[in-house]
There are 2 protein chains.
Amino acid sequence: MALFSYMKDFIHVYSNNFCGAKHAFTLRSGPKSGTIGQPFENDPSLTMTSIKDVALHAGVSVATVSRALGNGPVSAALRERVEAAIAATGYHPNLSARRLRSQHTRTVGLVVSDIRNPFFTAVSRAVEEAAYQADMRVILCNTDENPEREALYLRLMQEERVSGMIYAPTSTMSNRLPANGFGFPTVLIDRCPEDCSYDAVVLDNHEAASQLVQHLLAQGYRHIGGLFGNTSTTGAQRHAGFAETLAAAGLPAPTRFIAPRTEAAESATRDWLVSGQHPQALLASNGQILAGMVRALRNLRTQIPHELAVVGFDNEPWTELVGPGLTVIEQPVDEIGQTAMDLLFERMKTPTRPARRIVLQGRCIVRGSSITR
Amino acid sequence: MALFSYMKDFIHVYSNNFCGAKHAFTLRSGPKSGTIGQPFENDPSLTMTSIKDVALHAGVSVATVSRALGNGPVSAALRERVEAAIAATGYHPNLSARRLRSQHTRTVGLVVSDIRNPFFTAVSRAVEEAAYQADMRVILCNTDENPEREALYLRLMQEERVSGMIYAPTSTMSNRLPANGFGFPTVLIDRCPEDCSYDAVVLDNHEAASQLVQHLLAQGYRHIGGLFGNTSTTGAQRHAGFAETLAAAGLPAPTRFIAPRTEAAESATRDWLVSGQHPQALLASNGQILAGMVRALRNLRTQIPHELAVVGFDNEPWTELVGPGLTVIEQPVDEIGQTAMDLLFERMKTPTRPARRIVLQGRCIVRGSSITR
DNA sequence: CTGAAAGCGCTTACAG
DNA sequence: CTGAAAGCGCTTACAG
């Protein structure tokens, strides 16, 4: 409502005043000035009021307007006049100018590897919420597990001069993280090489996978196989927990590494099952793989859990609704996002503090997919 | 790989040169200068190389560096020297400065109402992809159906001076969209008042809901109820298609309007079913509602479709995996995102063109949840 | 408390 | 093709 009248005022002012005198310097912008083939943009300079317009309107200096905007020391009388002028002109501060001048962007970059993965969607929401509370913006970038896009977005982080970055590197970059950091505070999430010198928030992947295997062993399963994502340290760690727990029980750990995508998981599962000698139970190392696995079983008319038990990662809403319900590890997604932001803020305050690695525990939710009786 | 060495060079340069002479003007930034209680940021001016450093290093003017960066007219010799200097100094252009000076941001704002809704996740990906192709950034904002957050983000769009906006308004704002626009090209998606003067890409909601009802009628169902979201024009339109199709068949259309969330749908469904006189078939107006509905049925041990048939919107991967498979309307999410970007570009080119409303058809995917035989 | 002035890092007419 | 200079819209010492 307030916003609406704001807009109307804005439009109003645009079509009347403040558009004549102020542009001694005109741009030659137009269709030809952009990259070839790119659409050109309206010239915002013609439509946007600036702090100068507000100052003129209020009869004060731009410095005073700026102070009124930023809770600086301004007398009540002037502040009032400035506020009236802002309302009258429909002024909106220009963030580019503010960032350039103040040399801080109040922006955190969030670089994730697959926004279709609900794990990252959930973490994103938590990060955004925390940023919102701290009056910061977040730039969300989806690398899609593609190192080229990743390089592009890391460059973007530099160009945007982000205050900090929360980052889930692809496996390619995991081994090549700059030893001295990126030039701004960085917190890794979900994935982190064992030896790395970055702040990080990760799941205890080894333990979580181990829990799933122990649960299956307790249920009497002995032939247990696993499908793991091949693009991250996370998949590798979950595999380690899986394999070591089976080894401790004196059992083999048949494993396939695949792209962490539904389609890849579906065909891998199908191939495995039609190969004849398939396991009694299968573990999926993330939600996408789990979905592909279930789809394959469905198409093959394989009964869960009687013909094949299934366990996996990520407690997505639908895992409760499928078949007898799927046994999964739930990750503390809100805590991961919140903690990552906390680490970022601490790092900003104390740039020299030694790197901290926070390991969070998953929660094993047992459902029908792994219970034969 | 290229990126890695880039980073290393960057760090290297930072700790050596270019940090002495250039700051005649120093900021007093520090812990006290930010908002109270907010963490302060490292002063990037101390760590960042600028175009001036590159020019110095290459022995050319800043204008030449700028031209080399932007494909301007530069001799091959100088271009080479500039590129070497960029590599040596680890220079990254400052986007804030560039945007301020050039008066275009190459940024599109994407304001959605619920990022947990996979429909919006999918559309976001399509928009991002199209933006990426056009060398533009996207700012993704999630209003969470909250008009306050929405107002905040609309203000942010102004402050960021976005080139354009793709926008799914809450029902509150739907009635209050500024008649003259926001001051930049805007395309509505998913939701759009009937009479509105904005460019828009929407589903033929009336027809899609009608299709679902016709399918149920053809299957012999006569007592058909519906759960619809109450926060958007979309829910209302789907309800209209639902109710009118039933009316044409001379049947009543028992309806409940709810918040478009899983939890709300679950409790509404439960209440409806335990009330005794429940329908034979139920329609859900989006994916979240559909999920809540299925969960309620599961908890009540109600068999789909024998005790209750279920149809709904949004062909999310899991709808195929639940029970006998769920009959749904699939939305052309990629096309929606792509088309919205196209409309935005066209609007930028021809600001005065009359508003265009593009109505896309859904696809009805019939699965076991609505087939009794 | 207030204003005049400098300058953040770029891009772009303008004049060679 | 190239450089010197102006200026985008702000914030912030500095001097009253």
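A, B, ... follow the sequence lines: proteins, then strands. Residue 1 opens every chain.
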**OP:** Nearest whole angstrom, please: distance from the P of C:dT12 to the CG of B:L69.
**Re:** 12 Å
**OP:** Find out whether the Lys NZ or Arg CZ of B:R149 is both under 6.0 angstrom from the six-membered ring centre of A:Y132 and within 45° of the ring's axis.
**Re:** yes
Subject >> side chain to side chain contact (heavy atoms under 4.5 Å, CB included) partners of A:R98, counting only residues at least two apart >> reply: A:L69, A:P93, A:L95
Subject >> Value in whole Å for how far the P atom of C:dG7 lies from CZ of A:R99 >> reply: 24 Å
Original post:
Is there a donor on the side chain of A:R98 or the base of D:dG9 sitting less than 3.5 Å from an acceptor on the other?
Top reply: no
Subject >> Below 4.0 Å: OP1/OP2 of D:dT2 and any side-chain N or O of B:T64 >> reply: no
**OP:** Could you measure between the two P atoms, the one in C:dT12 and the one in C:dG16, and give it in whole Å?
**Re:** 22 Å
Original post:
Donor-acceptor pair under 3.5 Å: do we get one between B:R67's side chain and the base of D:dG3?
Top reply: yes
Subject >> Separation of D:dG9 P from A:D53 CG (nearest whole Å) >> reply: 8 Å
Subject >> A:Q103 CD to C:dA6 P, straight-line distance once rounded to whole Å >> reply: 19 Å
**OP:** Using Watson-Crick or G-U wobble pairs with both distances under 3.5 Å, give me DNA chain D in dot-bracket, 5' to 3', with [ ] for crossers and | for pairs to another strand.
**Re:** |||.||||||||.|||
Subject >> Nearest-0.5 Å distance that lies between atom CD in B:E128 and atom CE in B:M341 >> reply: 10.0 Å
Original post:
Is atom CD of A:E80 surrounded by more than 12 heavy atoms (other residues, nucleotides or ligands) closer than 6.0 Å?
Top reply: no
